[in-house]
Amino acid sequence: MILSINRPLLVITLTLAIGLGIALALPWLANTQSQAASMVHYLGADNAPGASARYHVAKSGDGSDGLTWTTAFTSPLDALGIALSGDEIWVASGVYTPGNSIYDSFVLVNGAEMYGGFAGNEGLKSERDWEVNLTILSGDIQGDDTSLNGVVRDASHIFGDNSYHVISATNVAKNTILDGFTITAGQADGSSPDDSGGGFYCDGYGTGNKCSPTLNNIIFSGNLADGYGGAMYNDGRQWGVSNPYLFNVLFTGNSAFDGGAVYNEGSNKGESSPDMKNVSFTGNSAKNGGALFNYGTKGISSPIIINGLFSGNKSVYDGGALYNSGFSGISRPVLTNVTISGNRAEKGGGIFSYYSKEEIRNSILWNNLEKTGLGTISSTVFNNNALITVTHSLVQGAGASGSGIWVSNPGFIDSGGNIDQDPLFVLPADPSTSPTTAGDLRLQENSPAIDKGNNEFVEEVDSDLDSGLRLFDGNLDGGITVDMGAYEYQIPYKYDGYLPFVFR
């Protein structure tokens, strides 16, 4: 239950408290917001302790108590400072920074839910529109970055001092929700750990610590890290756990040394294995792992990725889209209905696999570039002592199941249903121009990837990356079979030159 309580009721209650000589009266005078919050929780259903509260944040609010849009706080910091588990924070459109110092950050509260995308007059959460009412959490504390309506499109457009981490969290569980925000202009250029996670530092470091929040409907744009994870660093080192849940999240224009967008570190007996569904990585860059770096050395880093797009990412050295490292540990990513195309690197234009064990299912890996050129298995996946199982997927350079032609490297396991031919994208992404967001990796009507997947791998998500039906008879043969790749061919649409939902 979410409870909104008006200010007069609080005043009456607190006046009675003062009259009775309750000791909480004086602390309230010194800290109005904190005391008001405790009374809100006390005056829940049937006046029972523990009832949840709803706080509002809007640029137009008067900042008094956050309980209505009129009295809304003017910064999410005010609401986060008093929120408890079970509370909701509704944030109206606008640009919000976490403070004036590079050390300032929006710190998530375990069990609290924060939603963006409100116009500032809604009474129901279902009335918000996060794509129209952009709600931006920005690290541009000096206001000197080059941005479009407050959003930095590329990390190279950051200037001056910015917040090390726009958002940070530690010891938070799955019921901690961040939904409907654009996270931009974080600049992790300090000393460790302030050199990682410019957009979001998910701190699960150390025995007993865990960072596993839920992120829905999020855009990470133009964040930077000198170390790991330009947009997001999931720290599960030293027996810790960092396994966030991501749904409908876009990473674009982020940059780092390793893991241009995301770095999952499960080293030294720790684990970082995020659950990622309907995620897009476009135009990110790094020295290694242009978009995503999974580091399971002496630990575990085995993310699950369903309906994933990796397009136009660049690595200077290894892994244009992904770098998977399981040396002396475990890195076992499972990729289902993932499209990896238009990425480039010195080695492994698509994926660089180092002592890892990967499963590639219902996916498309095509038109990635490395020093050997286009079309080779090395440009698609550079296999360094890895074991890669491929099932019902289109993998350039690997060969086709049942044809007698399959890559000779024993590290590639043919589990059947695989093909090796042009998927016929609507508009291929040119890897030589990466990092870029140009291209359209949906399928044309005569694509060989249509209805060539395996329905057994369609799990948990019943829609594709476009939110269309995941199971659709795209070739009209009377059978309903899943397509390969992130997009299910359905009906023609108007293409405007850029990948989906990138700042329309």
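When reading the values below, keep in mind they use all heavy atoms of this one structure, side chains included, and skip hydrogens, waters and symmetry mates. Note that this is a predicted model, so its numbers are computed, not measured.
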Is the backbone of Asp318 close enough, under 3.5 Å, to the side chain of Ser315 for a donor and an acceptor to pair up by distance? yes

Quick check: does any side chain N or O of Thr339 sit under 3.5 Å from a backbone N or O of Asn337, one acting as donor and the other as acceptor? no

On a heavy-atom basis, which atom in Ile136 and which in Asn149 lie closest, and how many Å separate them? CD1-O, 3.3 Å

Tightest non-hydrogen contact, residues Gly290 and Asn313, listed as C-CB, 4.3 Å

Ignoring hydrogens and geometry, is there a side-chain-to-backbone donor-acceptor pair from Asn284 to Asn254 under 3.5 Å? yes

What is the distance from atom CZ of Arg153 to atom OG of Ser221, rounded to the nearest 0.5 Å? 6.5 Å

Asp483 side chain reached by Leu443 side chain, heavy atoms, under 4.5 Å: yes

Distance col, row Ile89:CD1 vs Phe106:CZ, nearest 0.5 angstrom, shows 10.5 Å

Applying ring-ring contact (aromatic ring centres under 6.0 Å, His included), name anything that partners Phe159, two or more places apart in sequence or on another chain. none

Under the criterion side chain to side chain donor-acceptor pair (under 3.5 Å), I'd like the reasoning laid out for Asp104 against Asn100: C-alpha separation, chi angles, the key distance, then a yes or no. CA-CA 7 Å; Asp104 289 335; Asn100 299 315; 6.0 Å; no

Within the supplied structure, the quantity of interest is the number of heavy atoms (other residues, nucleotides, ligands) at a distance under 6.0 Å from Lys277 NZ; does it exceed 12? yes

Donor-acceptor contact present, side-chain Asp87 to main-chain Leu84, <3.5 Å: yes

Sequence neighbours left out, what pairs pass side chain to side chain donor-acceptor pair (under 3.5 Å) with at least one residue falling in residues 293-302? Asn264-Asn294, Asn294-Asn324, Thr297-Ser325

Verify, without hydrogens or angle tests, whether Ser363 (side chain) and Gly485 (backbone) share a donor-acceptor contact under 3.5 angstrom. no

Main-chain N/O of His165 paired with Ser105 side-chain donor or acceptor, under 3.5 Å: yes

Is it the case that more than 12 heavy atoms not belonging to Tyr317 sit under 6.0 Å from its OH atom? no

Distance from Ile300 atom CD1 to Arg332 atom CZ, nearest 0.5 Å? 9.0 Å

Below 4.5 Å, heavy atoms only, C-beta onward: do Ser85 and Asn110 meet side chain to side chain? no

Ion pair present between Lys347 and Glu370, side-chain N to carboxylate O less than 4.0 angstrom? no

Do Phe181 and Val91 touch side chain to side chain, with heavy atoms closer than 4.5 Å? yes

Tyr205: partners by ring-ring contact (aromatic ring centres under 6.0 Å, His included), with sequence neighbours left out: none

Whether Ser434 side chain and Pro431 backbone form a donor-acceptor pair below 3.5 Å: yes

Could I get the full list of side-chain contact (heavy atoms from CB on, under 4.5 Å) partners for Ala185, not counting sequence neighbours? Ser138, Asp140, Asp145, Val152, Asn162

For Asn209, side-chain contact (heavy atoms from CB on, under 4.5 Å) partners two or more places apart: Asn171

Sub-4.5 Å side-chain heavy-atom contact between Pro76 and Val57: yes

With sequence neighbours excluded, tell me which residues meet ring-ring contact (aromatic ring centres under 6.0 Å, His included) with Phe382. Phe352

Give a yes or no answer on whether the side chain of Asp154 reaches the backbone of Ser156 with a donor-acceptor pair at less than 3.5 Å. yes

If you compare all heavy atoms of Leu374 against all heavy atoms of Asn368, which two are closest, and at what distance to 0.1 Å? CD2-O, 3.1 Å

pair Leu178-Ile218: side-chain heavy atoms closer than 4.5 Å: yes

Can you tell me how far the CD atom of Glu359 sits from the CD1 atom of Ile304, to the nearest 0.5 Å? 9.5 Å

Residue pairs meeting side chain to side chain donor-acceptor pair (under 3.5 Å), one or both in residues 387-398, sequence neighbours left out, come to none

Test: ring-ring contact (aromatic ring centres under 6.0 Å, His included). Region: residues 259-278. Which pairs qualify, not counting sequence neighbours? Tyr228-Tyr263, Tyr233-Tyr263, Tyr263-Phe293

Ignoring hydrogens and geometry, is there a side-chain-to-backbone donor-acceptor pair from Asn234 to Ser272 under 3.5 Å? no

Using a cut-off of 6.0 Å, state whether more than 12 heavy atoms not belonging to Asp129 lie near its atom CG. yes

Residue pairs involving residues 228-252 (criterion salt bridge (charged side-chain N to carboxylate O under 4.0 Å, His left out); sequence neighbours excluded): Asp235-Arg237

Name all residues meeting the side-chain contact (heavy atoms from CB on, under 4.5 Å) criterion together with Lys125; count only those two or more places apart in sequence or in a different chain, and write none if there are none. Glu88, Trp90, Glu113, Tyr115, Phe118, Arg128

Between the CD atom in Gln238 and the CG atom in Asn268, the distance rounded to the nearest 0.5 Å is 4.5 Å

Side-chain contact test, heavy atoms from C-beta onward, threshold under 4.5 Å: evaluate it for Ile364 versus Ile340 and give yes or no. no

With sequence neighbours excluded, residues passing side-chain contact (heavy atoms from CB on, under 4.5 Å) with Lys59: Tyr96

What is the distance from atom CD of Gln490 to atom CZ of Arg442, rounded to the nearest 0.5 Å? 10.5 Å

Any donor-acceptor N/O pair, Ser447 side chain to Ala449 backbone, under 3.5 Å: yes

May I have the step-by-step check of side chain to side chain donor-acceptor pair (under 3.5 Å) for Arg470 and Ser463, ending in yes or no? CA-CA 4 Å; Arg470 182 72 271 185; Ser463 61; over 6 Å; no

So the salt bridge (charged side-chain N to carboxylate O under 4.0 Å, His left out) pairs with at least one residue in residues 182-206 (sequence neighbours excluded) are none

Is the shortest heavy-atom distance from the side chain of Phe220 to the side chain of Leu215 under 4.5 Å? yes

With the side chain counted from C-beta on, respond yes when Val458 and Leu471 share a heavy-atom pair under 4.5 Å apart, and no when they do not. yes

Contact summary for Leu465 and Asn307, nearest pair of heavy atoms: CD1-O, 3.5 Å

Exceeds 12 heavy-atom contacts within 6.0 angstrom, atom CD of Glu456: no

